[in-house]
Asker: 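Can you keep this structure in mind? I'll have questions shortly.
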Number of protein chains: 2
Amino acid sequence: MDAEATDTEAWSDITPDAARRLVVAAVEAFAERGYHATTTRDIAGRAGMSPAALYIHYKNKEELLYQISGVGHRRALTLLRQAAEGGGTPAERLRTAVRSFVRWHAEHHTTGRVVQYELGALGPEHHTEIVGLRRLSEATMRSIIEDGVRSGDFDVPDVSGTTLAVLSLCIDVARWFNPGGRRTPDQIGELYADLVLRMVRPE
Amino acid sequence: MDAEATDTEAWSDITPDAARRLVVAAVEAFAERGYHATTTRDIAGRAGMSPAALYIHYKNKEELLYQISGVGHRRALTLLRQAAEGGGTPAERLRTAVRSFVRWHAEHHTTGRVVQYELGALGPEHHTEIVGLRRLSEATMRSIIEDGVRSGDFDVPDVSGTTLAVLSLCIDVARWFNPGGRRTPDQIGELYADLVLRMVRPE
DNA sequence: CCGTCCCCTGAGCAACCGCTTAGCCGCCTT
DNA sequence: AAGGCGGCTAAGCGGTTGCTCAGGGGACGG
């Protein structure tokens, strides 16, 4: 069963090999039991090394979380920006944005869980940096919706509230998604894109 | 600032007084830092007693979480059932359900956070009991949507998927809601009810 | 063959964890 | 006045935590 296995290729740009193995191990452990409930011994054990080896590659446990959170947030932001800058009508761009954002949170739901639910465990300066990335994501999603309103394709009485709701809806997929469930990430992405387009559709 | 203060009257049926103070303290602590990052010394300290006093009223830390989770889930289920059994068209019942469910998750966002995000910290038998309550909530929400589809008031291609998305959307309010923010729980409830009705509205 | 560098380990430290125990104190009943 | 009882505390136990440190060993250049 590789249902729990974190895809390694998503972290392929992390070197050396041992550091990458630590990140993959930490993502699995954090997603399963939460940051605070995960011990450095557990992370090191999953990566096949002794507890002390962790501190050669990372200053401490929090920096591992920071690495994961940073990579995850940047990936999510990139997906949204690609959709926003891609061509097509506002409806097509919104559909693409929701579909790929949701699919990512389903496919990488372990990473997504860490990214979305362990923010509070970051140190203060790391926290503010990550919050900045989140604001960029929100601005990107809002710009798509604003485009649709401006062109008359969308009817949205409360743009910022709807933006918040759409992002919240997508993000929460990471919480409930179960790889053994009936729906594939693609199907959920399609379903959610339909639902979001209904939210902004004129009567 | 009582922005962080958990409303005490929500736990008024817990006696004796010391046990209630412990629950209120635990809700605040769990919501702020998570179950595993919260120490029994911290809970007891917030409640104004020594660490040992906790074990007079509760068997252990997990039973405190179980108490909170049980009360919270039962309250949420009651809100949904009142909306489902209340009169009116399916649209009116769906609007009431979303509005009151969302408002509860915003007003009691500390409790909501514990209820929704600390499920995994429950022991196995407590966990399965709580999961049963969650299934009842889902069934209640689905029945409202099914009613609307049957009567022709709603157009919903995927009933169970839409049910999941609606509940997910409402639940996630507990994660991002900030009492110092621009929107009141009532406003968010109203906004979300509008958005959900758009999701099920026929063309 | 030697030294250097990098990656790693075994052992362990100080702090902290959940939880227990023995006993104190004020209140109620008799 | 005597006794019991529920609610509480001070002290502390065994175990675990994040993290450190001294040193091993293999690959490499000279």
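Convention: sequence-line order gives letters A, B, ...; per-chain numbering from 1.
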Asker: Whether the B:H36 and B:E118 side chains hold a donor-acceptor pair (N or O, under 3.5 Å, no angle test) is what I'd like checked.
Answerer: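 B:E118 and B:H36 do not have a side-chain donor-acceptor pair below 3.5 Å.
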Asker: Anything under 30° is parallel, anything over 60° is perpendicular, the rest tilted; go ahead and classify A:H126 against A:Y66.
Answerer: parallel
Asker: How close or far is atom C1' of D:dA11 from atom OH of B:Y55, stated in whole angstroms?
Answerer: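 Rounded to whole Å, this separation is 15 Å.
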Asker: From the set C:dC8, D:dA10, C:dC19, return the single nucleotide nearest to any side-chain atom of A:A53.
Answerer: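 Closest nucleotide to the A:A53 side chain: C:dC8.
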Asker: Figure out the CZ/P separation between A:R41 and D:dT16, and round it to whole Å.
Answerer: 10 Å
Asker: Measure from the side-chain N and O atoms of B:E62 to the backbone N and O of B:G123, and report whether any donor-acceptor pair falls under 3.5 Å.
Answerer: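 Judged by distance alone, yes, a pair lies under 3.5 Å.
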Asker: C:dG23 P sits how many Å from B:I56 CD1, rounded?
Answerer: 16 Å
Asker: Does a nitrogen or oxygen in the side chain of B:T40 sit under 4.0 Å from OP1 or OP2 of C:dG18?
Answerer: yes
Asker: Nearest whole angstrom, please: distance from the C1' of D:dG18 to the CG of A:L54.
Answerer: 10 Å
Asker: Below 4.0 angstrom from OP1 or OP2 of D:dC8, is there any side-chain N or O of B:H57?
Answerer: yes
Asker: Any protein N or O atoms within reach of nucleotides 24-28 of chain C? Criterion: under 3.5 Å, listing atom names and distances.
Answerer:
none

Asker: How close or far is atom C1' of C:dT20 from atom NZ of B:K59, stated in whole angstroms?
Answerer: 15 Å
Asker: Under the side-chain hydrogen bond (donor to acceptor under 3.5 Å, both in side chains) criterion, do A:R95 and A:S100 qualify, and how do the steps go?
Answerer: CA-CA 9 Å; A:R95 171 173 290 281; A:S100 64; over 6 Å; no
Asker: Would you kindly give the OH-to-C1' distance between A:Y58 and C:dC8, to the nearest whole Å?
Answerer: 16 Å
Asker: Any side-chain heavy-atom pair from B:T110 and B:R113 closer than 4.5 angstrom?
Answerer: no
Asker: Describe the nucleic acid contact of A:T39 in one word from base, sugar-phosphate, nothing, applying a heavy-atom distance below 4.0 Å.
Answerer: sugar-phosphate
Asker: Answer with yes or no whether the side chains of B:R183 and A:S160 bring together a donor and an acceptor at under 3.5 Å.
Answerer: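 Short answer, yes.
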Asker: Check the distance between D:dG18's P and A:E62's CD and give it to me in whole angstrom.
Answerer: 13 Å
Asker: Hydrogens and angles aside, do A:Q82 and A:R93 bring a side-chain donor and acceptor to less than 3.5 Å of each other?
Answerer: no
Asker: Whole Å only: how far is the NZ atom of A:K61 from the C1' atom of D:dT20?
Answerer: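 Interatomic distance, NZ of A:K61 to C1' of D:dT20: 17 Å.
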